[in-house]
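Lettering of chains follows the sequences in order, A, B, ..., and the numbering in each one begins at 1.
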Amino acid sequence: MSDPRLADLDVIILDYGAGNLRSVVRAVVRVGARPDVASVPAALDEADVVILPGVGAAADTMHNLRQRQLVEPIHEYLAADRPFLGVCMGLQALMTVSEEGGEHACLDVLEGRVVRLPEGRKIPHMGWNRVEQRRRTPLFDGIPDGAHFYFVHSYYCDMAEPEDVVAVADYGADVTAVVERGRLAATQFHPEKSGAYGLRIYRNFLLEHSANGAP
Amino acid sequence: MLTKRIIACFDVDAGRVVKGISFVELRDAGDPVELATLYDHEGIDELVFLDITASHEDRNTVVDMVRRTADRVFIPFTVGGGLRSDDDMRLMLESGADKITINTAAVERPELISEGAHRFGSQCIVVAIDARTESDGSMQVYTHGGRRPTGIDAIAWAKEVVDRGAGEIMLTSMNTDGHQDGYDIPLTRAVSDAVSVPVIASGGAGNAQHMIDAITDGRADAVLAASIFHFGTHPIMDVKRRMQAAGIPMRMEHADYDDVL
């Protein structure tokens, strides 16, 4: 099935060697878009929407982004407030610094630190957790407040600007679940693994930006 | 609040689900992908495919299954059976599996755990432990589908696999597996209390109460079952409702893809 509004959207999924690329591609296809997988900086020029997926550690992610010379293009893309969706490590990589495996400078688009989840519970935080929406945004169209999404992570984003946090999940701390700032959105959970409501996140984001993409 | 997970497990031989499955609504009840799609539709939280094909020379059948599942199922799934190297793991993860599980290969060469965790991240490395409580009360690790004793203590092994980078433990009791008479609560609790990562209880599920016991008394983070779902006698949402009524946080909402998209 393909939504005519999404079929012509130029969706780029950035491939920098992360593991779960295929799941993200299939999810975006399922909601009716035709994504391209790209690992070259030039791909961002023409994109209407860029998706940064990712699993693993922040240090590896930053290393891979640098090696592929994607850091500057991502900065330029985001500075122009063009539509960008980060998923899991694609959220954490946007932060100032990550404490995972030492101190690692990240993209510093979102101010704050990526810190270890509090002790006292099983780590990784793995499974379906209730996501509390702090602000209704178009990203949550058709998704009830308190719906569950699938998380897998051991570190979380401690945001310096709490107003950018539009949803949280409780895991011994208010874990940043969804961030939005302008046309940037990012989720700690994996929408591509969160059933129908997860796919709805992709659909909502793509639809929101289908009318006004690249300049 | 983080919910407890119900995980359905399929044993797959040469691309076909084994153990009798009698779902009338399926065109092909032996197709793991059709079953996975149905279970997702019925509210399962996660899936595991165990490839029990005697020869693992030909991976194409499994890869095809993983790819087709990733096309249609948008919940997490794990693949295991005969994975012996990090290249084997990579093939499954790149085909669309979210996690891989290793058992005998990890006992034979524990470095495999660290290699996988380093290359792909701990979050996708599930170490399966088959253990038996012996007559003297010791808990021993078995390999080769539960047939071969190793002399390794299950608790010590559980701690070691976590130290080596396992992100989750799938714990099957050889004492209770196949009896549908309840999980092995003392074993589950001993392992879950000993490690920092989530533990999936496996072996012995016969009804919802067994799952409640495994979580409340056994302190499991997830419960795995095969047979009780495969015959349709225990609808997944019925089991979840009973667990929720017992005070366990469960994911109760479930929407159809076609309704939401």
Engineer: Specify which of A:S23, A:G142, A:P124 makes the most heavy-atom pairs with chain B at under 4.5 Å.
Structural biologist: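 Looking at each option in turn, the highest pair count goes to A:P124.
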
Engineer: With chain B as the partner chain, list the residues of residues 144-152 of chain A whose heavy atoms fall under 4.5 Å from it, by residue number, and write 'none' if nothing qualifies.
Structural biologist: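 Residues in range: A:A147, A:H148, A:Y150, A:V152.
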
Engineer: What option among B:A222, B:P76, B:A255 has the most heavy-atom pairs under 4.5 Å with chain A?
Structural biologist: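 Among B:A222, B:P76, B:A255, the one with the most close pairs to chain A is B:P76.
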
Engineer: Would you mind checking which part of B:R67 comes under 4.5 Å of any heavy atom in chain A, side chain (CB onward), backbone (N, CA, C, O), both or neither?
Structural biologist: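 Both backbone and side chain of B:R67 come within 4.5 Å of chain A.
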
Engineer: Do other residues, nucleotides or ligands put more than 12 heavy atoms under 6.0 Å from the NE2 atom of B:H234?
Structural biologist: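 More than 12 within 6.0 Å, yes.
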
Engineer: Under 4.5 Å from any heavy atom of chain A, what part of B:D259 do you find: side chain, backbone, both or neither?
Structural biologist: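 Contact with chain A: none, neither part.
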
Engineer: Examine whether an atom of B:V199 lies under 4.5 Å from a heavy atom of chain A, and if so say whether it belongs to the side chain, the backbone or both; otherwise answer neither.
Structural biologist: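 Both parts, backbone and side chain.
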
Engineer: Tell me, side chain or backbone of B:S122 under 4.5 Å from chain A's heavy atoms, or both, or neither?
Structural biologist: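 Neither part.
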
Engineer: Flag the one option from B:M252, B:M250, B:K4, B:E168 with the top tally of heavy-atom pairs under 4.5 Å to chain A.
Structural biologist: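 The candidate making the most pairs under 4.5 Å is B:E168.
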
Engineer: Go through the atoms of B:Q123 and report whether side chain, backbone, both or neither lie under 4.5 Å from a heavy atom of chain A.
Structural biologist: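 Both parts, backbone and side chain.
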
Engineer: Shortest non-hydrogen contact from A:W128 to B:R251?
Structural biologist: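 Of all heavy-atom pairs spanning A:W128 and B:R251, the closest is CE3-CD, 3.2 Å.
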
Engineer: Between B:S196, B:G96, B:A117, which shows the greatest number of heavy-atom pairs under 4.5 Å with chain A?
Structural biologist: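 Heavy-atom pair counts peak at B:S196.
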
Engineer: Quick check: are there more than 12 heavy atoms from other residues, nucleotides or ligands sitting under 6.0 Å from CZ of B:R90?
Structural biologist: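 For B:R90, atom CZ is crowded (more than 12 foreign heavy atoms under 6.0 Å).
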
Engineer: If you define the side chain from C-beta out and look only at heavy atoms, does anything of A:M126 sit under 4.5 Å from B:R5?
Structural biologist: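 When only atoms from C-beta onward are counted, B:R5 and A:M126 do touch, with a gap below 4.5 Å.
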
Engineer: Is the shortest side-chain N to carboxylate O distance from A:K122 to B:D193 below 4.0 Å?
Structural biologist: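 Between B:D193 and A:K122 there is no salt bridge, as every charged N stays at least 4.0 Å from the carboxylate O atoms.
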
Engineer: Just so I understand: if I count every heavy-atom pair under 4.5 Å between each of B:S192, B:G121, B:C124 and chain A, which residue has the most?
Structural biologist: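 Among the listed options, the one with the most contacts to chain A is B:S192.
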
Engineer: Considering all heavy atoms of both residues, which atom of A:R30 and which atom of B:Y257 are nearest to each other, and what is their separation?
Structural biologist: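 Looks like NH2-CB, 3.4 Å.
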
Engineer: Do B:L261 and A:L199 touch side chain to side chain, with heavy atoms closer than 4.5 Å?
Structural biologist: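 B:L261 vs A:L199: side chains touch.
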
Engineer: Does anything in residues 186-197 of chain A get under 4.5 Å of chain B by heavy atoms, and if so which residues?
Structural biologist: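 From residues 186-197 of chain A, the residues near chain B are A:E192, A:K193, A:S194, A:G195, A:A196, A:Y197.
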
Engineer: Are there over 12 heavy-atom neighbours, none belonging to A:E99, within less than 6.0 Å of that residue's CD?
Structural biologist: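 More than 12 heavy atoms, drawn from other residues, nucleotides or ligands, come within 6.0 Å of this atom.
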
Engineer: Measure B:D40 against the heavy atoms of chain A and call it side chain, backbone, both or neither at under 4.5 Å.
Structural biologist: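 Contact with chain A is absent: no heavy atom of B:D40 under 4.5 Å.
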
Engineer: Measure A:H125 against the heavy atoms of chain B and call it side chain, backbone, both or neither at under 4.5 Å.
Structural biologist: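 Answer is side chain: those atoms of A:H125 sit under 4.5 Å from chain B.
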
Engineer: Can a donor-acceptor pair be found, under 3.5 Å and without considering hydrogens, that links the side chain of A:R22 to the backbone of B:S95?
Structural biologist: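 Such a contact is found between A:R22 side chain and B:S95 backbone.
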
Engineer: Between the side chain of A:R130 and the main-chain N/O of B:M1, is any donor-acceptor distance below 3.5 Å?
Structural biologist: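 A pair under 3.5 Å: no.
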
